[in-house]
Amino acid sequence: MDKLTILADSAKYDAACTSSGGDREGGFSLGSTVAAGCCHTFSADGRCVSLLKVLFTNHCIYDCKYCVNRRSNDVPRTAFLPEELAELTIQFYRRNYIEGLFLSSGVVKSPDHTMELIIRVMELLRYKYQFWGYIHAKAIPGASPELVYRLGLLVDRISVNIEMPSEDSLKLLAPDKTRRAILSPMGRIAGGLEENKREIALYKNAPRFAVAGQATQMIIGATPESDYQIIRLASGLYEKYRLKRVFYSAYIPAVSDRLLPSADTKPPLLREHRLYQADFLMRQYDFAADEILSDKTPNFNPYLDPKCNWAINNMQNFPVDVNTADKETLLRVPGIGPTSSRRIISARKTGRLDMDALKRIGVVLKRARFFIITADHPRGLALNKESAARALIDPGSFSYGMEQLSLFSAAGLPGPGDIKSLKEAAEEAVLCTASRLQA
Amino acid sequence: MHGVEASGVIYLYDGGLKGLYCCVYESVYEREIPCAIIPESEDQPSLFARKRIVTDPGKASRVRASIPKKISQRALELVEHGYLTCIEDKEMAILKFLLMAYKTGRGAADMLGHPDVDRLFKAERHLMREVHLLKGFIRFSDYDSALGAVITPKNFVLPLLQKHFIMRYSQEDFIILDKVHKAALIYQDRKRQLIPVEDIRFPEVSEKEELYRGLWKQFYRTIAIEARENPRLRMTNMPKRYWENMTEMSELL
């Protein structure tokens, strides 16, 4: 039991947890995968748990400054036996505790040696246990392309952590993991995905390579990059490496070091939240990174989610007629998301939509009503700046506490010393936002 | 179809889907809308007249076949899902939807702005959300001869869970007992059946089973990041009513 505690504890800071992307029917062995993913439980921090997320071992020859398992840190070290881990995965899976396995590892002897051990676990699961549930494996930076490819054939998702949002930060905090050592396997994986697409087109039963694609993860808040730099990087990674997901992990002090933020730093949770919001905008709402932030405004607004922020800065695009606008335009309206826009387009085939219909469809009218034209409001709603501001402000901004707001360096907003309470901060935010709304 | 009147009659039926289709048949051909449709077993004394609707398989299949023909496949899905939901007046909601849909035609089931469609749609959504959550929250125990699980859902979800778990455990035998609806899904020797049961007494839990439960609880406790503790978020995502059947949560109740 100690082994599991140590190796699960070490893995918990790895943010990726989804089990989505794979769609395998099953039927001939143990296990199937569900395309939309499946949450089996939620931990005390409210996050979804769908995979057995562990390190194969927390021994490590590297000394990355932020990592609790860094070589120079004195912690109990242990390792699974491949058989042991495979058996544990199977028994958890049979009880419906998990959708599958998420395996990372410290680096033992060398990247390739570690990869061989990880591959051994996967081979046991797939071939001995006939397990076809979901597997997400981390490729070790610096691993040889052949091993990366072999691993890709055994798993659903494969990822390499990019760790830091810039090469400078990487050199500073994780010098053992060079930029090349990270990007090279990512390139190999992207190449493998491309090749596999062609193979499958030619030969239907070609072995599948990482059906759930490639993902990556970076730590936010340990280093000084702006939000703009981060989302531009994410956007570039999505494009260049055909990533399915980028995960942003708020820095949590696990070790002290003079190069790291102080040990009582609170994790930048609100900032992480904004990054995910921006990430979803780029992936599902067709926003470009440059529309969300810019060199002039390199950081998120703490009080507004990025979409509302964009809307306020681009009022010339509104009001939008819900009965005629296309999907892309509907998606720009605060309060209308991919599901609502689909339903609007479907419902309006049989009649013009009014506010009541939109409400039943699930549109967040509290926000949307200021930006749309409907059958019963052909000239849109008159914009009362203060009520619009109240509706657009992200109530979530205040649920992380005062400290989170003070971590933001958004221009034009009062600094931490000026705000006395969350309530005052909220009122301040309303006034500030209202004044930005054009007539 | 015109001249349908609201009548002061209560339809009594056998509680089954075929019986419900027969109620629809009756309403359409007698040109009346009952004020309620109730399973016979749940009948309560009241001032309203009763009409006992006999389940005739011929009538039922005529109604069922007419839905995709006159309306759409989606309408049929909406009706059959509606039947599984837990809303009090599901029978009347289905009848009202069908009466409206027969008149409207092909697009009826997509008219999410219409209250009769909306009622059924929202009930279906509640049902599907529960199905989706349960796929993750169901906990099995290994009783050596088979895997067994207990659920206490609001909606009648077993028919919609079948496919998922049969695909997941195609090589195993398993039972899922729905304590609320007194039914069980049994999968044995690659054959499935969904049958009414009063109760199932599962055998004693083995040492191996205790071991894995313990490991899972340990894993569950370990993975929470203290600096991000958020019981409210956990509750929103995982309502307390599911906890009693989840081994890692039941001791927190």
Side-chain angles (χ1 to χ4, degrees), chain A residues 1 4-6 8-9 11-13 24-32 34 36 38-50 52-54 88 91-99 130 133 250 252-253 266-267 269 343 346-351 353-354 356-358 360-362 399, chain B residues 104 106-108 110-115 117-118 121-122 132-133 135-142 147 149 164-172 174 208-209 211-216 218-238 246-249 252:
Chain A
M1 208 175 266
L4 179 59
T5 303
I6 292 173
D9 193 64
K12 71 190 189 191
Y13 299 103
R24 239 196 326 272
E25 285 254 312
F28 41 79
S29 50
L30 177 62
S32 58
V34 176
C38 191
C39 290
H40 281 272
T41 189
F42 289 85
S43 56
D45 52 34
R47 292 181 306 149
C48 157
V49 180
S50 69
L52 171 61
K53 196 193 297 184
V54 287
L88 182 63
Q91 294 304 335
F92 275 10
Y93 187 83
R94 293 177 72 230
R95 289 162 175 75
N96 206 45
Y97 297 162
I98 55 175
E99 266 323 89
Q130 294 285 297
I252 294 167
K266 293 284 184 295
L269 298 178
R343 287 187 191 157
S346 167
R348 71 186 185 193
K349 287 185 196 148
T350 44
L353 302 173
D354 59 12
D356 276 336
L358 289 178
R360 279 194 289 261
I361 279 172
S399 59
Chain B
T104 312
R106 295 228 71 79
D110 297 316
M111 290 172 60
L112 299 183
H114 190 295
V117 181
D118 181 63
F121 180 74
K122 289 212 162 82
H132 177 74
L133 288 180
K135 281 180 185 168
F137 297 162
I138 287 182
R139 296 283 178 264
F140 286 90
S141 299
D142 187 351
L147 297 170
H164 173 85
F165 284 102
I166 289 171
M167 285 208 298
R168 181 180 238 254
Y169 297 129
S170 56
Q171 311 296 309
E172 308 244 18
F174 67 85
K208 191 170 178 224
E209 174 61 30
L211 171 69
Y212 283 110
R213 287 186 187 181
L215 285 169
W216 174 243
Q218 184 61 27
F219 176 74
Y220 177 76
R221 279 193 290 263
T222 308
I223 53 171
I225 296 179
E226 274 156 30
R228 298 182 68 139
E229 212 146 275
N230 196 336
R232 217 183 57 190
L233 180 60
R234 175 171 68 175
M235 188 99 79
T236 306
N237 288 320
M238 186 166 63
M246 297 169 74
T247 174
E248 75 277 12
M249 302 307 298
L252 298 176

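Every chain is numbered from 1 and lettered A, B, ... according to where its sequence line falls, protein lines coming before strand lines.
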Does any heavy atom of chain A fall under 4.5 Å from the side chain of [X], the backbone, both, or neither of them?
X: B:Thr236; answer: neither
X: B:Met235; answer: neither
X: B:Phe174; answer: neither

Do the side chains of [Y] and [X] get nearer than 4.5 Å, heavy atoms only?
X: B:Arg139; Y: A:His40; value: yes
X: A:Arg95; Y: B:Tyr212; value: yes
X: B:Pro115; Y: A:Arg360; value: yes
X: B:Leu215; Y: A:Phe92; value: yes
X: A:Arg47; Y: B:Ile225; value: yes
X: A:Thr41; Y: B:Met238; value: yes

Pick whichever of [options] has the most heavy-atom pairs under 4.5 Å with chain A.
options: B:Lys208, B:Glu209, B:His114; answer: B:Glu209
options: B:Arg232, B:Arg221, B:Met246, B:Glu172; answer: B:Glu172
options: B:Thr104, B:Ile223, B:Leu112, B:Val117; answer: B:Ile223

*Most heavy-atom pairs under 4.5 angstrom with chain B, which of A:Val54, A:Ile361, A:Ile98?*
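Most heavy-atom pairs under 4.5 Å with chain B: A:Ile98.
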If I measure from the heavy atoms of chain B, does [X] come under 4.5 Å with its side chain, its backbone, both, or neither?
X: A:Tyr97; value: both
X: A:Leu358; value: neither
X: A:Asp9; value: both
X: A:Leu353; value: neither

*May I ask you to decide whether B:Asp142 forms a salt bridge with A:Arg94, counting only side-chain N to carboxylate O separations under 4.0 Å?*
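A salt bridge is present here (some side-chain N lies under 4.0 Å from a carboxylate O).
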_salt_bridge(B:Arg168, A:Glu99) N-O dist < 4.0 Å_ =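 Here B:Arg168 pairs with A:Glu99 in a salt bridge, since their nearest N and O are under 4.0 Å apart.
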*Residues in ring pair (Phe, Tyr, Trp, His ring centres under 6.0 Å) with B:Phe137, at least two apart?*
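Expected list: B:Tyr242.
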*Listed by chain and number, what are the ring pair (Phe, Tyr, Trp, His ring centres under 6.0 Å) partners of B:Tyr220, not counting sequence neighbours?*
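Partners of B:Tyr220 under the ring pair (Phe, Tyr, Trp, His ring centres under 6.0 Å) test: none.
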Please name the pair of heavy atoms, one in [X] and one in [Y], separated by the smallest distance, quoted to 0.1 Å.
X: A:Cys38; Y: B:Lys135; answer: SG-C, 4.0 Å
X: B:Thr222; Y: A:Lys12; answer: O-NZ, 3.0 Å
X: A:Ser346; Y: B:Asp110; answer: OG-CB, 3.9 Å

*Do side-chain atoms of A:Asn96 reach the backbone of B:Ile138 as a donor and acceptor pair under 3.5 angstrom?*
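A pair under 3.5 Å: yes.
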How long is the span from the [atom1] atom in [X] to the [atom2] atom in [Y], to the nearest 0.5 Å?
X: B:Phe219; Y: A:Leu4; atom1: CZ; atom2: CG; answer: 7.0 Å
X: B:Arg213; Y: A:Gln91; atom1: CZ; atom2: CD; answer: 13.0 Å
X: B:Phe140; Y: A:Tyr93; atom1: CZ; atom2: OH; answer: 11.0 Å

